[in-house]
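Here the structure is a predicted model, which is why all the values come from computation and not from measurement.
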There are 2 protein chains.
Amino acid sequence: MAYAEQYIEKLRKSGLRPTKQRIKICEVLFDAENTFHFTIKELVKIIENQANIKVSLATVYNTVHAFMRKGYLKEIPLNASQSYYDTNVTHHHHFFDEEENRLIDIHQDDVDEVNIKRTIPGKKIKSVEVIAKIVSDNQSQK
Amino acid sequence: MAYAEQYIEKLRKSGLRPTKQRIKICEVLFDAENTFHFTIKELVKIIENQANIKVSLATVYNTVHAFMRKGYLKEIPLNASQSYYDTNVTHHHHFFDEEENRLIDIHQDDVDEVNIKRTIPGKKIKSVEVIAKIVSDNQSQK
DNA sequence: TAATACATTATATTTATTCTAAACTGTTGA
DNA sequence: TCAACAGTTTAGAATAAATATAATGTATTA
């Protein structure tokens with residue numbers, strides 16, 4: 001709760017009113033020592049477990065989208081039934097373990113700069129994401 | 001229709017019965033001179049427009065999934081409300097134009113090999129996909 | 001502190017996708 | 001060739017994520 005002030009500041013600076021729901025969501029997302037991945041469903045569950053306040057599903061969606069627009073969160077490009085979000089907004093990539101449905105960060109230093117030689121007239125590259133799908137490495141493979 | 005024979009062959013080889021619905025879907029997907037991207041909804045529309053036969057939505061889903069399992073199609077990793085599929089199953093990457101909701105192929109030669117230095121014990125990399133999001137390049141930007 | 005613009009909420013709605021169970025069809029082997 | 005079977009198609013129902021709605025509540029402002 002000690003961090004509430006800085007979240008109020010953060011929200012205000014980006015033109016979002018610091019409501020108690022948004023501050024609570026900030027605490028869940030940005031108090032954590034490490035960045036992490038989540039789905040809306042998981043986020044709702046965390047809020048339910050650690051908060052005394054009730055936050056409606058619509059608010060969670062709205063807030064997550066607002067935070068994305070402000071660059072506090074990013075969406076991980078994955079074809080999953082639910083969207084995955086990342087509190088780590090620095091430039092990095094992901095392994096996706098399809099067997100365990102688990103995302104693992106790949107630090108930027110662990111991937112050579114992705115250099116795309118082709119350009120599209122009138123467009124510029126906003127972001128580059130690498131998704132490496134991984135599966136069990138059964139030794140006994142041909 | 002001249003290609004029907006080869007589709008029958010293709011389906012049979014992969015253990016799928018060559019039904020008239022599947023052959024029709026093959027014609028739509030693989031007769032095209034160029035590879036292309038599509039959503040289920042778009043595929044249904046194409047089939048409706050160029051076929052005399054009626055194919056139910058469930059069959060389209062089943063067939064697309066069967067073709068994916070066989071490696072005839074692949075899914076493009078994108079957080080979109082609908083899944084995007086690609087008839088180009090060779091190793092390549094994509095631009096995604098968020099403003100126009102448009103996918104553009106990036107040929108493998110236009111991207112340096114993505115070399116991931118990190119490994120996960122017991123796992124091996126199955127596929128590596130690069131998604132480059134592009135936006136309008138307004139000259140007048142700081 | 002009143003007015004107002006923005007937020008939250010419960011609920012309904014939308015939409016993609018999956019499921020179901022009955023009817024149908026391609027294949028196999030006699 | 002045909003019966004039997006396993007795989008397939010189908011319409012419609014079910015599911016679930018995400019979005020819209022509209023009434024109520026709250027932060028901001030002057």
A.B. asks: For the residue pair A:H94 and A:H37, establish whether any side-chain heavy-atom pair is separated by less than 4.5 Å.
C.D. replies: yes

A.B. asks: Using 30° and 60° as the class limits, which term best fits the ring planes of A:H93 and A:H91: parallel, tilted or perpendicular?
C.D. replies: perpendicular

A.B. asks: Check whether the side chains of B:Y84 and A:N79 place a donor and an acceptor atom closer than 3.5 Å, and report yes or no.
C.D. replies: no

A.B. asks: Measure from CG on B:L43 to C1' on C:dA16 and round the result to the nearest Å.
C.D. replies: 15 Å

A.B. asks: I'd like to check the salt bridge (Lys or Arg N to Asp or Glu O under 4.0 Å) partners of A:E98; sequence neighbours left out, ordered by chain and number.
C.D. replies: A:K133, B:K126

A.B. asks: Does atom NZ of B:K117 have more than 12 heavy-atom neighbours from other groups under 6.0 Å away?
C.D. replies: yes

A.B. asks: For the pair A:Y61 and A:H65, name the ring-plane relationship: parallel under 30°, tilted 30 to 60°, perpendicular over 60°.
C.D. replies: tilted

A.B. asks: Do you see a donor-acceptor pair shorter than 3.5 Å between the side chains of A:S136 and A:N138?
C.D. replies: no

A.B. asks: So, OP1 or OP2 of C:dG26: does either fall under 4.0 Å of a side-chain N or O from B:R12?
C.D. replies: no

A.B. asks: Parallel, tilted or perpendicular: which fits the ring planes of A:F30 and A:Y72, with parallel below 30° and perpendicular above 60°?
C.D. replies: perpendicular

A.B. asks: Can you give me the bend angle of the helix from C:dT1-D:dA30 to C:dA30-D:dT1? Use the axis through the first five pairs and the one through the last five, nearest 10 degrees.
C.D. replies: 30°

A.B. asks: Any chance you could list the contact pattern along nucleotides 5-21 of chain D? Use B for base contacts, S for sugar-phosphate-only contacts and - for none, protein heavy atoms under 4.0 Å, 5' to 3'.
C.D. replies: -BBSSBB-----SBBB-

A.B. asks: Rounding to an integer number of Å, can you tell me how far A:N79 CG sits from C:dT18 P?
C.D. replies: 11 Å

